[in-house]
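Here the structure is laid out as structure tokens; the discussion comes afterwards.
Each chain gets a letter, A, B and so on, in the order its sequence line appears, and its residues count up from 1.
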2 protein chains.
Amino acid sequence: MSKKRPLILVTNDDGINAPGIRTLIEVMNTLGDVCVVAPDSPQSGMGHAITINDALYCNSIKVINGEPHTEHSCSGTPVDCVKIAVNEILKRKPDLCVSGINHGSNSSINVIYSGTMSAAVEAGTLGIPSIGFSLLDYSLEADFKPSKKFIKLITEQVLKNGLPKGVVLNVNIPKLDASEIKGIKVCRQANAHWEEKFDKRTNPLGRDYYWLTGEFVNEDKGEDTDEWALHNGFVSVVPVQFDLNAHHAMKELNTWDL
Amino acid sequence: MSKKRPLILVTNDDGINAPGIRTLIEVMNTLGDVCVVAPDSPQSGMGHAITINDALYCNSIKVINGEPHTEHSCSGTPVDCVKIAVNEILKRKPDLCVSGINHGSNSSINVIYSGTMSAAVEAGTLGIPSIGFSLLDYSLEADFKPSKKFIKLITEQVLKNGLPKGVVLNVNIPKLDASEIKGIKVCRQANAHWEEKFDKRTNPLGRDYYWLTGEFVNEDKGEDTDEWALHNGFVSVVPVQFDLNAHHAMKELNTWDL
């Protein structure tokens with residue numbers, strides 16, 4: 001780690017008042033100079049959405065508990081928060097962006113829908129080393145304390161080693177006491193999917209509406225996956241990339257009659 | 001193409017009333033049995049967002065011009081439209097999903113923010129061959145007619161050849177007369193980025209707000225890119241994949257002290 005304290009951008013998708021981000025701020029305050037720019041409302045499932053057709057509001061929040069960091073809430077999505085932090089709020093490009101701690105798993109296919117991970121990916125596209133953290137507990141009463149030492153350890157390693165260009169980390173933490181967590185595993189994401197069910201209801205005016213629900217189905221039994229690690233008491237670390245080119249498909253497409 | 005008419009799901013992100021989707025429906029009606037499930041309002045820049053904390057409304061729309069397809073508007077995001085189409089509206093899994101025609105480019109990095117392409121990717125995750133179409137003209141007055149023959153040709157090839165597993169197509173069409181378009185090129189996405197600028201204003205109540213604006217900067221001069229093709233009068237076809245595992249980074253991460 002360089003001798004200068006790193007500048008760390010903290011964001012999330014559960015909103016600036018969610019308990020998870022408080023724990024993340026606490027850990028990051030031990031590692032660098034922290035600036036928080038997070039959504040003013042819950043933004044779960046927002047994926048890589050940006051606000052195009054609306055104005056964004058950004059409020060500087062007075063930090064009252066004497067902690068050294070600064071805080072800003074933003075009316076946009078997690079990706080908006082990263083963009084406005086880097087372009088308007090911060091005086092220089094941050095050395096690190098961390099997102100979370102998400103209330104609930106972002107393992108496997110969930111990355112694609114996750115506002116937490118999309119914020120990390122957005123920072124990655126800007127060349128900022130970046131990590132998304134999630135705890136496998138959706139509850140607002142979740143205990144984030146056991147996560148702290150793992151978050152600190154992984155963040156220290158990223159600050160020390162950097163990350164390969166175009167790679168961000170997706171860290172998921174099992175819902176266990178610190179003493180029960182067996183360690184940290186570098187994994188690939190499990191090849192799992194959601195079997196969606198729409199819960200159909202009728203509103204008081206007689207109009208049908210739907211709630212998206214579903215069951216997470218993992219048919220990938222690989223012991224090198226995040227799902228395996230999490231079910232076996234490990235913190236999972238998945239390196240995530242965002243080169244969407246299907247290079248391997250070019251040759252086949254070039255045989256088509258186009 | 002099989003003798004049975006294929007079942008084609010049509011969606012977009014500009015909303016069910018946008019002119020672009022009308023052209024797409026027209027072309028698809030010549031190729032198969034069409035079901036339209038599209039957002040009831042503009043959803044540009046929604047990326048892979050899904051609606052978690054809200055109910056979804058879905059309305060069957062009476063098609064009055066005698067065309068054979070069915071239409072449904074949905075209160076959610078483009079990805080919600082695909083999910084509810086496949087799980088609630090369609091009796092069987094569609095043979096193809098097409099999204100667009102988007103009003104404006106989805107070349108290069110834009111894929112990551114694009115509701116049009118995220119709908120195509122969502123269908124891809126469900127194992128449905130899928131194509132996103134965009135015209136490089138943001139105007140609601142855009143002329144979509146020149147796009148028709150290219151959309152038909154590319155769609156026929158996908159119906160005939162299928163697509164490799166885990167690959168969807170991102171098709172962009174230059175804003176030119178049909179006679180000026182030189183042909184179709186299979187490309188990789190240019191390694192370009194947005195230089196964001198936030199336009200800061202003050203509302204009548206004295207509160208500051210921001211509009212996200214920016215400049216698209218392409219430093220990738222490769223002649224194998226979508227940007228090159230589009231600037232040189234070609235329709236670009238980029239195969240897009242959604243395996244977010246950074247397999248190449250595993251080895252390095254495994255050397256860390258975790």
Side-chain angles (χ1 to χ4, degrees), chain A residues 42 44-53 55-58 79-80 83-84 87-88 109 111-113 118 125 153-154 157 161 164 166-167 183-184 186 188-189 193 196-198 200-201 207-212 237-242 244-250 252-254 256-258, chain B residues 42 44-53 55-58 79-80 83-84 87-88 109 111-113 118 125 153-154 157 161 164 166-167 183-184 186 188-189 193 196-198 200-201 207-212 237-242 244-250 252-254 256-258:
Chain A
S44 290
M46 282 305 276
H48 215 96
I50 52 174
T51 303
I52 291 178
N53 293 317
L56 292 174
Y57 285 89
C58 227
V79 171
D80 289 331
K83 285 187 186 290
I84 208 161
N87 289 287
E88 279 290 320
I109 184 73
V111 174
I112 209 171
Y113 306 104
S118 293
T125 69
L153 178 60
I154 292 164
Q157 288 291 306
N161 301 307
V167 171
I184 298 170
V186 177
R188 65 175 174 87
Q189 68 179 55
H193 67 281
E196 264 97 15
K197 288 200 185 103
F198 285 87
K200 188 174 178 178
R201 301 182 181 191
R207 207 173 150 204
D208 290 338
Y209 65 97
Y210 299 87
W211 289 101
L212 171 60
V237 177
V238 173
V240 167
Q241 61 91 28
F242 40 86
L244 302 182
N245 281 295
H247 298 285
H248 64 284
M250 301 272 183
E252 181 172 335
L253 291 184
N254 274 314
W256 288 12
D257 292 327
L258 290 175
Chain B
S44 290
M46 282 305 277
H48 216 97
I50 52 174
T51 302
I52 291 178
N53 293 317
L56 292 173
Y57 285 88
C58 227
V79 171
D80 289 332
K83 285 187 185 292
I84 207 161
N87 289 287
E88 279 291 319
I109 184 74
V111 174
I112 209 171
Y113 305 106
S118 293
T125 68
L153 179 59
I154 292 164
Q157 287 291 307
N161 301 307
V167 172
I184 298 171
V186 176
R188 63 174 175 89
Q189 70 178 52
H193 68 281
E196 265 98 15
K197 289 199 184 102
F198 284 88
K200 189 175 178 178
R201 302 183 181 190
R207 205 173 153 204
D208 291 338
Y209 64 98
Y210 300 86
W211 287 102
L212 171 61
V237 176
V238 174
V240 167
Q241 60 92 27
F242 39 86
L244 302 181
N245 281 295
H247 296 287
H248 62 285
M250 300 273 182
E252 181 173 334
L253 291 184
N254 274 313
W256 288 12
D257 293 326
L258 291 174

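Nearest heavy atoms, Gly45(A) versus Ile52(B): CA-CD1, 3.6 Å. Here the closest non-hydrogen pair linking Asp208(A) and Tyr57(B) is O-CD2, 3.3 Å.
Taking OG1 of Thr51(B) as the start and CE of Met46(A) as the end, the distance is 8.5 Å to the nearest 0.5 Å. For the atom pair Gln189(B) CD and Leu244(A) CG, the distance stands at 5.5 Å (nearest 0.5 Å). The structure places CH2 of Trp211(B) at 8.5 Å from CG of Leu56(A), a figure rounded to the nearest 0.5 Å. In this structure, Leu212(A) CG and Asn53(B) CG are separated by 10.5 Å, a value rounded to the nearest 0.5 Å. Taking CD of Gln241(B) as the reference point, atom CG of Asn245(A) lies at 8.0 Å (rounded to 0.5 Å).
Of all the listed residues (Val167(B), Ile50(B), Asn254(B)), the one sharing the greatest number of non-hydrogen pairs under 4.5 Å with chain A is Ile50(B). When each of His248(A), Lys83(A), Glu88(A) is checked for heavy-atom pairs under 4.5 Å with chain B, Lys83(A) comes out on top. For the set Asp80(A), Val237(A), Asn161(A), the entry with the most heavy-atom pairs within less than 4.5 Å of chain B is Asn161(A). Between chain A and the residues Arg188(B), His247(B), Arg207(B), Glu252(B), the largest count of heavy-atom pairs under 4.5 Å involves Arg207(B).
With sequence neighbours left out, the ring pair (Phe, Tyr, Trp, His ring centres under 6.0 Å) criterion links Tyr113(A) to His48(B). Partners of Leu153(B) under the side-chain contact (heavy atoms from CB on, under 4.5 Å) rule, at least two apart in sequence or in another chain, are Ile184(B).
Contact annotation for Val240(A): both backbone and side-chain heavy atoms come within less than 4.5 Å of a heavy atom of chain B. In this structure, the portions of Ser44(A) lying under 4.5 Å from any heavy atom of chain B include both its backbone and its side chain.
Proximity of a side-chain donor or acceptor of Glu196(B) to a complementary backbone N or O of Ile84(A) within less than 3.5 Å is not detected.
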Gln157(B)/Leu258(A) under side chain to side chain contact (heavy atoms under 4.5 Å, CB included): CA gap, chis, key distance, verdict: CA-CA 8 Å; Gln157(B) 287 291 307; Leu258(A) 290 175; 3.9 Å; yes
